[in-house]
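When reading the values below, keep in mind they use all heavy atoms of this one structure, side chains included, and skip hydrogens, waters and symmetry mates. So you know, we letter chains A, B, ... as the sequences are listed, proteins then strands, and number each from 1.
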Amino acid sequence: MNTKIPRVRFAPSPTGLLHVGNARTALYNWLVARRAGGQFILRIEDTDLERSEARHEAQLIEDLHWLGLDWNEGPGQLGEPDKGTHGPYRQSDRLAIYAEHTERLLTEGKAYRCFCTPEDLEVERTEAAAEHRTQIYSGRCRALDPATIAKNIADGKPFAVRLKIEDHPLRFHDLVRGPVEFAAESVSDPVLVRSASGFSAGIPVYNYVVTIDDALMQITHVIRGDDHISNTPKQVAIYQAFGWPVPEFAHLSTILGSDRERLSKRHGATSISTFRQMGYLPEAMFNYLALLGWGAEDGKTETFTHDELIKAFSIERVTPSPAIFDFDKLNWLNRHYLKQADPERIAKLAERQFCNHRPDIFPLWSGSELYTAEALAFLASQDPPIHLNVPSLELIAQRKAWFANLLALFFPKVDFLAQLPAKAAFIFAVDLVSARANEENIAVLAVDSARTVLSELASRVRTHNGHVTPEAFKEWMNEIKDATGIKGKELFYPVRIALTGFHSGPDFDKIIPLIENGATLGLSIPSVRDRINQFVGV
RNA sequence: GGCGCUAUCGUCUAGGGGUUAGGACGUGAGAUUCUCAAUCUUAAAACACGGGUUCGAUUCCCGUUAGCGCUACCA
């Protein structure tokens, strides 16, 4: 067991969006560091020059921050210097370091030059396959005499650098899985530095550079995906060749989709930024990811704040088996945190979701917040009058209050904020076409009582002046009930269809003020009167 | 093919040589409401299979099966 204060790292490649699986790896690393007062280090693995992009790195960092993760050491952004003293933290800035280390291995005889051609290797591979053996390198360049080596180099023969693996089983300790051992004959001398022609000549391979980076950055616990298990014996051999202490490893299981295949876009959202755009809260994502492959010691607790999770987490309790990503449970957690969140914060996030749907009225504070109603009136009274087409401060405040009511009504109905505009759409406009096309609605409206109710209501609306208050509306409903004897669904359904386009939905005393106030706040929302009239065809 | 990892309700998991195998999500039912959502109550739901070890195995060991990963001079 490694009892040192942990130094852990998250080492993503900036080749795309941050996948939830990687985010979970980052989270577990962060948790281990925070729990023990250790350091969490961010390292960017950008040696794949063709696919790595600076914008991806920036996005990655933003997503990590959004999730609530921070790091003690990492690459500087926008020309800022690196944070930490074990840098540089981008692999592309570390190439010279790798070269030095290769030199050292070569002079110490721990590594050797391999002049085998791809064709030579291909032969070995086919032979091994034919004999149902693990394909391993024969090591034929291991013992080349110095004269031959010198001659080959002088002849300009390309060579790779290989590590000499001592002939003993390679084992390592895994904090999640316990001891893991690979038979000596299953691991052959791995290539450290490529020979291949052109572009990639002399570029060290991944397994080599991570090991050097981890060792130099004094990483004590390597926590990463289980797709690296098979790489680990090679890496252990590299540590040993340099005489470096071998860290603890923890290999996290893969996150699968509902069909038990690796979670991919096919299964829906997979990147942190997508979830963010859909209106998931970071605390929900944080909590869900923690629960995916780990459970609290009491076997019961499901919701955690950051601090609670830091206290409760331990890497040893992480499950080794693969986990299926459960959108339902994430949704449940998101609803949970939505209910707890500060309404103003939710309002800001929610408003953004509405912008695409009703750009004419959202954001509610569009224009300016600088003008009071008084100021606007003053400007309009000037000669010549100045008309600013912006809502006044007072109006904005009223709209915000109105929006808060709208949210309070609809957000218990959604899993994530992006569902809000569709759920609340009928407040902004009634879709008469689909309302009339809906089978259940047709059945409701086909009954005589429905016609009676609606005409009764229409006549009251017609003779009513000014706003319809929820109280007045309720009064009407009671009158209609008493006058016609129609009650319950027969009474409520047709009215709701006329008002909203749906036979079921929120209570009238919630909907009515929303509609009526909305109609007066310059939000181009049809009033109760408009709706009833339009529906009965006046 | 080889090597490796994994296996408790549909899903995430707790547990661990003798338990009514616990919790959560989801699902069903009920309460509430005109209805929907929310809320509350409640129900159904699991130790992959076969051998050992043992007085006793879901738990320990071995094998089978299945799934996944690696099998590159990719990262």
Side-chain angles (χ1 to χ4, degrees), chain A residues 11-13 15 45-48 50-52 91 114 116-118 121 125 128-137 158-162 174 176-177 180-183 185-187 190-197 200-210 225-233 251 253-254 256 258-262 288 291-303 317 319-333 335 339 409-414 423 440 444 477 481 487-493 495-496 500 502-508:
Chain A
S13 301
T15 53
E45 311 223 320
D46 59 350
T47 46
D48 186 344
E50 288 183 46
R51 290 192 296 153
S52 296
Q91 280 187 339
C114 170
C116 294
T117 63
L121 266 17
R125 203 164 304 148
E131 292 167 30
H132 304 302
R133 280 187 291 110
T134 313
Q135 189 270 314
I136 56 164
Y137 174 62
F159 61 87
V161 177
R162 282 186 190 268
D174 193 302
V176 176
R177 290 150 216 274
V180 182
E181 184 171 316
F182 289 75
E185 58 274 18
S186 68
V187 186
V191 167
L192 264 21
V193 181
R194 297 180 179 86
S195 72
S197 51
S200 55
I203 303 276
V205 305
Y206 168 81
N207 277 311
Y208 183 45
V209 302
V210 257
D226 67 356
D227 47 337
H228 291 286
I229 292 180
S230 306
N231 290 151
T232 308
H251 288 102
S253 65
T254 320
L256 308 176
S258 49
D259 54 2
R260 302 195 162 273
E261 294 200 27
R262 238 198 167 98
Y288 179 68
L291 252 25
L292 194 58
W294 173 85
E297 204 159 1
D298 64 6
K300 287 184 171 41
T301 314
E302 304 280 338
T303 56
R317 288 183 58 80
T319 332
S321 53
I324 294 174
F325 194 91
D326 184 357
F327 289 90
D328 286 332
K329 187 141 184 180
L330 205 215
N331 286 342
W332 170 73
L333 275 168
R335 277 184 260 126
K339 278 177 229 156
L409 186 54
F410 288 101
F411 97 107
K413 295 174 190 290
V414 301
K423 292 276 183 201
E440 283 175 85
V444 169
M477 295 293 275
K481 186 172 78 180
K487 56 179 174 149
K489 294 179 186 182
E490 271 92 55
L491 175 63
F492 281 82
Y493 276 21
V495 174
R496 191 181 276 106
T500 71
F502 300 94
H503 64 72
S504 68
D507 297 340
F508 286 132

Student: When the C1' atoms of B:rU8 and B:rC3 are compared, how many Å lie between them, rounded to an integer?
Tutor: 28 Å
Student: Ignoring backbone atoms, test whether A:Lys423 places a side-chain nitrogen or oxygen under 4.0 Å from the OP1 or OP2 oxygen of B:rC36.
Tutor: no
Student: Send over the distance from A:Asn231 CG to B:rC70 P, rounded to a whole Å.
Tutor: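 About 9 Å, once rounded to whole Å.
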Student: Is it the case that the side chain of A:Arg177 and the backbone of A:His251 share a donor-acceptor pair, with hydrogens and angles ignored and the cut-off at 3.5 Å?
Tutor: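 Yes, A:Arg177 side chain to A:His251 backbone: donor-acceptor pair under 3.5 Å.
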Student: For B:rU13, does OP1 or OP2 lie under 4.0 Å from any side-chain N or O of A:Thr319?
Tutor: yes
Student: Once you apply the 3.5 Å cut-off to both distances, tell me the Watson-Crick or G-U wobble partner of B:rU53, or none.
Tutor: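 Checking every strand shown, B:rU53 finds no partner, since no pair has both distances under 3.5 Å.
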Student: Scan A:Leu491 against the nucleic acid and name what it touches under 4.0 Å (heavy atoms): base, sugar-phosphate only, or nothing.
Tutor: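 Result for A:Leu491 = nothing.
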Student: Under a 3.5 Å cutoff, is there a donor and acceptor pairing between the side chains of A:Thr254 and A:Asp226?
Tutor: yes
Student: Can you check whether A:Arg125 has a side-chain N or O nearer than 4.0 Å to OP1 or OP2 of B:rG1?
Tutor: no
Student: Does A:Arg260 have a side-chain nitrogen or oxygen under 4.0 Å from the phosphate oxygens OP1 or OP2 of B:rU11?
Tutor: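 For B:rU11, OP1/OP2 do have a side-chain N/O of A:Arg260 under 4.0 Å.
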Student: Hey, what do you get for CG (A:Leu491) to CZ (A:Arg496), rounding to the nearest 0.5 Å?
Tutor: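 Spacing of CG (A:Leu491) from CZ (A:Arg496) equals 10.5 Å.
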Student: When all nucleic acid strands are considered with a 4.0 Å heavy-atom cut-off, which category describes A:Leu121: base, sugar-phosphate, or nothing?
Tutor: base
Student: For B:rC9, which nucleotide in any strand shown is its Watson-Crick or wobble partner with both distances under 3.5 Å?
Tutor: none
Student: Which is true for A:Gly225 with a 4.0 Å heavy-atom rule: it touches a base, it touches only sugar-phosphate, or it touches nothing?
Tutor: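 Nothing, no heavy atom under 4.0 Å.
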Student: Taking only the P atom of each, what is the distance from B:rA7 to B:rA14 in whole angstrom?
Tutor: 10 Å
Student: Just name whichever nucleotide pairs with B:rC47, Watson-Crick or G-U, keeping both distances under 3.5 Å, else none.
Tutor: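 Across any shown strand, B:rC47 pairs with none.
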Student: Base, sugar-phosphate, or nothing for A:Asp507, non-hydrogen atoms under 4.0 angstrom?
Tutor: base
Student: Please name the nucleotide paired to B:rC70 by Watson-Crick or G-U wobble geometry with both distances under 3.5 Å, or report none.
Tutor: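 Paired with B:rG2.
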Student: Please determine, for B:rA21, whether a Watson-Crick or G-U wobble partner exists with both distances under 3.5 Å, and give it or none.
Tutor: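 Pair assignment: B:rA21 / none.
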Student: Identify whether any heavy atom of A:Cys114 sits under 4.0 Å from a base atom; if not, whether one sits that close to sugar-phosphate; answer base, sugar-phosphate or nothing.
Tutor: nothing
Student: Considering every strand and a 4.0 Å limit on heavy-atom distances, what is the contact class for A:Lys487: base, sugar-phosphate, or nothing?
Tutor: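 No contact at all - A:Lys487 keeps every heavy atom at 4.0 Å or more from the nucleic acid.
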Student: Just call it for A:Phe502: base, sugar-phosphate, or nothing, with non-hydrogen atoms closer than 4.0 Å on any strand.
Tutor: nothing
Student: Please classify the nucleic acid contact of A:Ala323 as base, sugar-phosphate, or nothing, using heavy-atom distances under 4.0 Å.
Tutor: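 Sugar-phosphate, no base atom in range.
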Student: On RNA chain B, check which nucleotide each of A:Ser504 and A:Arg162 is closest to and give me the residue with the more 5' one.
Tutor: A:Ser504
Student: Under a 3.5 Å limit for both distances, which nucleotide forms a Watson-Crick or G-U wobble pair with B:rU35, could you say?
Tutor: none
Student: Between B:rA38 and B:rU27, how many Å separate the two P atoms, rounded to a whole number?
Tutor: 9 Å
Student: Take A:Arg496 and A:Trp294, find for each the nucleotide of RNA chain B with the closest heavy atom, and name the residue whose nucleotide sits nearer the 5' end.
Tutor: A:Trp294
Student: Considering only atom C1', compute the distance from B:rC47 to B:rU58 and round it to an integer number of Å.
Tutor: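 These two C1' atoms come out 4 Å apart once rounded.
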Student: When the distance from CD of A:Glu261 to C1' of B:rC68 is rounded to whole Å, what number comes out?
Tutor: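 Distance check: A:Glu261 CD to B:rC68 C1' gives 10 Å.
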Student: Would you kindly give the CG-to-C1' distance between A:Asn331 and B:rC25, to the nearest whole Å?
Tutor: 10 Å
Student: Rounded off to whole Å, could you give me the CD-to-C1' distance for the A:Glu302 and B:rG22 pair?
Tutor: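 Between C1' of B:rG22 and CD of A:Glu302: 12 Å.
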Student: Considering only atom C1', compute the distance from B:rA45 to B:rC25 and round it to an integer number of Å.
Tutor: 13 Å
Student: What is the separation between atom CD on A:Glu181 and atom C1' on B:rC5, rounded to the nearest whole Å?
Tutor: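 Atom CD in A:Glu181 sits about 15 Å away from atom C1' in B:rC5.
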Student: Give the C-alpha distance, both sets of side-chain angles, the deciding distance and a yes or no for side chain to side chain contact (heavy atoms under 4.5 Å, CB included) between A:His503 and A:Lys489.
Tutor: CA-CA 9 Å; A:His503 64 72; A:Lys489 294 179 186 182; over 6 Å; no
Student: Find the partner of B:rA29: check Watson-Crick (N1-N3 plus N6-O4 or O6-N4) and G-U wobble (N1-O2, O6-N3) distances, both under 3.5 Å, and reply none if neither fits.
Tutor: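 Here B:rA29 is engaged in a pair, and the nucleotide opposite it is B:rU41.
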Student: Whole angstroms only, please: what is the CG-P distance between A:Asp174 and B:rG69?
Tutor: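 After rounding, the gap between these two atoms is 18 Å.
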Student: Whole angstrom is fine here: how far is it from CD1 in A:Ile203 over to P in B:rC73?
Tutor: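 For the pair A:Ile203 CD1 and B:rC73 P, the rounded distance is 16 Å.
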Student: When we call it a touch if two heavy atoms are under 4.0 Å apart, what does A:Lys300 touch: a base, just sugar-phosphate, or nothing?
Tutor: sugar-phosphate
Student: Which heavy-atom pair separates A:Ile229 from A:Phe182 by the least distance, and what is that distance?
Tutor: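 Residues A:Ile229 and A:Phe182, closest heavy atoms: O-CZ, 3.9 Å.
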Student: Between B:rC61 and B:rU6, how far apart are the two P atoms, rounded to whole Å?
Tutor: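 Here B:rC61 and B:rU6 have their P atoms 11 Å from each other.
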Student: Using both distances under 3.5 Å as the test, list the Watson-Crick or G-U wobble partner of B:rG16, or none.
Tutor: none
Student: Fit a plane to each ring of A:Phe492 and A:Phe508, take the angle between them on a 0 to 90° scale, and name the class: parallel (under 30°), tilted (30 to 60°) or perpendicular (over 60°).
Tutor: parallel
Student: To check you understand the geometry: which heavy-atom pair defines the closest contact between A:Thr319 and A:Trp294, and what is its length?
Tutor: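 Closest approach of A:Thr319 to A:Trp294: OG1-N, 3.9 Å.
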Student: Please indicate yes or no: is the ring centre of A:Trp332 less than 5.5 Å from the centre of the six-membered base ring of B:rC25, with the two planes inclined by under 30 degrees?
Tutor: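 It does not: the ring fails the test against the base of B:rC25.
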Student: Could you tell me how far B:rG50 sits from B:rU41 if I compare only their P atoms? Round to whole Å.
Tutor: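 One P to the other, the span is 40 Å.
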Student: Hey, is the main chain of A:Asp326 close enough, under 3.5 Å, to the side chain of A:Tyr288 for a donor-acceptor pair?
Tutor: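 Here the side-chain-to-backbone pair exists.
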Student: Separation of A:Phe327 atom CZ from B:rU27 atom C1', in whole Å?
Tutor: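 Atom CZ in A:Phe327 sits about 19 Å away from atom C1' in B:rU27.
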Student: Under 4.0 angstrom, heavy atoms only, what part of the nucleic acid is A:His251 near: base, sugar-phosphate, or nothing?
Tutor: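 Nothing, no nucleic acid heavy atom in range.
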